[in-house]
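Bear in mind the structure is a predicted one, so any value in this text is a computation, not a measurement.
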Number of protein chains: 2
Amino acid sequence: MFAPFGFARLMTSTNPVSADPANDIDAQHIRDAIRDAIVERRLAPGTKLSENDVGGLFNVSRTLVRAALQALSYEGLVNVEKNRGAFVAHPSIAEARQIFATRRLLEPVVLREAARHIGKPEIKRLRLLLADEERLTRERGASARRAEIKASGDVHLAIAEMTGNAILKRFMDELVARSSLVIALYGQSVVSSCGHSEHQRIVDALERNDVDTACELMLEHIDHIEADLDLRPATKSSNLKDAFGL
Amino acid sequence: MFAPFGFARLMTSTNPVSADPANDIDAQHIRDAIRDAIVERRLAPGTKLSENDVGGLFNVSRTLVRAALQALSYEGLVNVEKNRGAFVAHPSIAEARQIFATRRLLEPVVLREAARHIGKPEIKRLRLLLADEERLTRERGASARRAEIKASGDVHLAIAEMTGNAILKRFMDELVARSSLVIALYGQSVVSSCGHSEHQRIVDALERNDVDTACELMLEHIDHIEADLDLRPATKSSNLKDAFGL
DNA sequence: ATGCCTATTATCGTATACAATCTAGTGATT
DNA sequence: AATCACTAGATTGTATACGATAATAGGCAT
């Protein structure tokens, strides 16, 4: 069987790999490519990631693909089922709630920690990200939509990076990536036009050194994202929907 | 070259593997064995984990060993250097500080979250862990010492588990494991006789539902652990020490 | 037509093989 | 004596091969 449906989504359109002469692709490269594809929702939750098919796309053996999939499994973006294969994670409603619960717990901590290291240049960098995000909001097309999703996460990650704490940053990496998966599954609106202005207000508060307000806004922001999800206890149709949508 | 120095420390003494008939060892098994060895400080930071040697110990091929080492690398317990091999992590002073800084940020959050789910049975479970810990404190010998180290971490992990949040729990898993590594490297006293009574007071506070005090005690506890470390900027001897100690 | 059983095929799990890279040791040169 | 160059050995990186497991399809009985 061939890659069942547009597996080529895995590749960024500007980066054809087949017949690439200087082709030094390693496991990390593959891992990043798959993660980007998942986070930008080019790969739907539940999609099977066959070792052969992925390897074929990148012109590498299963060995490297396995390494990449194993790493992604550790990040919670991929589920590896023994003797069955790897699938793009398909978080349950309980997991979805847990991911957002953890964000509500961690983001204020991150924000306060970041605030201690934020000065003029950091604010400037955040403003640039916000500008990017806003520009994408106004553009049309699927590609802009994907970029917007990524940009929205990047704001949170940039703040995490400003803590200067690599561990904290990595925890946030995981949470943001998995959130994207949850939104892909349970999101209702195309979201984030509201999300953007909220980011802006958070940065405004940071600029005023008003960390308490920034934290409150952050919590509201997370609440709004979660409110846009349909986390009701699985109208049984979800099973059917999977069968068809896939 | 053979396993340079008592590589057999990797194996738990009660679990001989060679010539084991029902020998269904997988990557996870190896990963756990190595992690336990690191956390219980049977393997010194910086030790090279040769794929051949480890594979030989478990009677498996390099394939499984590589998978295990890769997973451990993601947890921060092992550093994999390209084309050079895997080494038990040897956290720098900066990393050590970061690990404890992150614990100071996270543990209060974890504690408050856990407190919401803690009732009589949870307190009872913690008391049991404390009893174990105290018993080990009084026992003599290296094996009791190792068990004590593990027991001390288990108290923190049990609390994390009581949050009911698997993600948070995993974050704490990583932090506690890496802390053990830092203590192995920079610890001065054999520690933890003080640590135990501090755990006890934290649980006491939890039992009284006095979460604020529990958090304060937790922060003091972490401070005490860190205070026992020698995190001065590297008397250059550390390089020499490696050469000899290994 | 439905359900159960078996044979086939595809995919994964692990070991092995070979190529690329690093390390150590030897000897020549300054 | 110290440094550099080079070769031999060991170790890792990646591909491939083979056995094990699970999904699939076809035949038979009900």
Query raised in the report: Within this structure, what is the CD-to-C1' distance between B:Glu81 and C:dT23, rounded to whole angstrom?
Result: 14 Å
Query raised in the report: Do the side chain of A:Arg84 and the base of C:dG13 come within less than 3.5 angstrom through a donor-acceptor pair of N or O atoms?
Result: no
Query - Spacing between A:Gln70 atom CD and C:dT14 atom P, to the nearest angstrom - result: 11 Å
Query raised in the report: Counting only side-chain N and O atoms of B:Ser61, is one of them less than 4.0 Å from OP1 or OP2 of C:dA15?
Result: yes
Query raised in the report: Could you state the CG-P distance from A:Leu49 to C:dT11, rounded to the nearest angstrom?
Result: 13 Å
Query raised in the report: Going by the angle between their ring planes, with limits at 30° and 60°, are B:His29 and B:Phe58 parallel, tilted or perpendicular?
Result: perpendicular
Report task. Report the distance from atom CG of A:Leu64 to atom P of D:dT14, rounded to the nearest whole Å. Result -> 5 Å
Query raised in the report: Taking only side-chain nitrogens and oxygens of A:Arg62, does any of them come within less than 4.0 Å of OP1 or OP2 of D:dA15?
Result: no
Query - Salt-bridge present (A:Glu148, A:Arg145; N to O < 4.0 Å) - result: yes
Query - 5' priority, DNA chain C, between A:Thr63 and A:Ala86 [closest heavy atom] - result: A:Ala86
Query - Atom-pair distance (CG on A:Asn52; C1' on D:dT16), nearest Å - result: 12 Å
Report summary line: Whole-Å distance, A:Asn83 CG to D:dG19 P, equals 16 Å
Query raised in the report: In whole angstroms, how far is the P atom of D:dT14 from the CD atom of A:Gln28?
Result: 12 Å
Query raised in the report: Per the salt bridge (Lys or Arg N to Asp or Glu O under 4.0 Å) rule, which among B:Glu75, B:Glu40, B:Glu174 passes with B:Arg35?
Result: B:Glu75
Query raised in the report: Is the closest side-chain heavy-atom distance between A:Glu226 and A:Leu231 below 4.5 Å?
Result: yes
Report task. Nearest whole angstrom, please: distance from the C1' of C:dG13 to the NE2 of B:His29. Result -> 17 Å
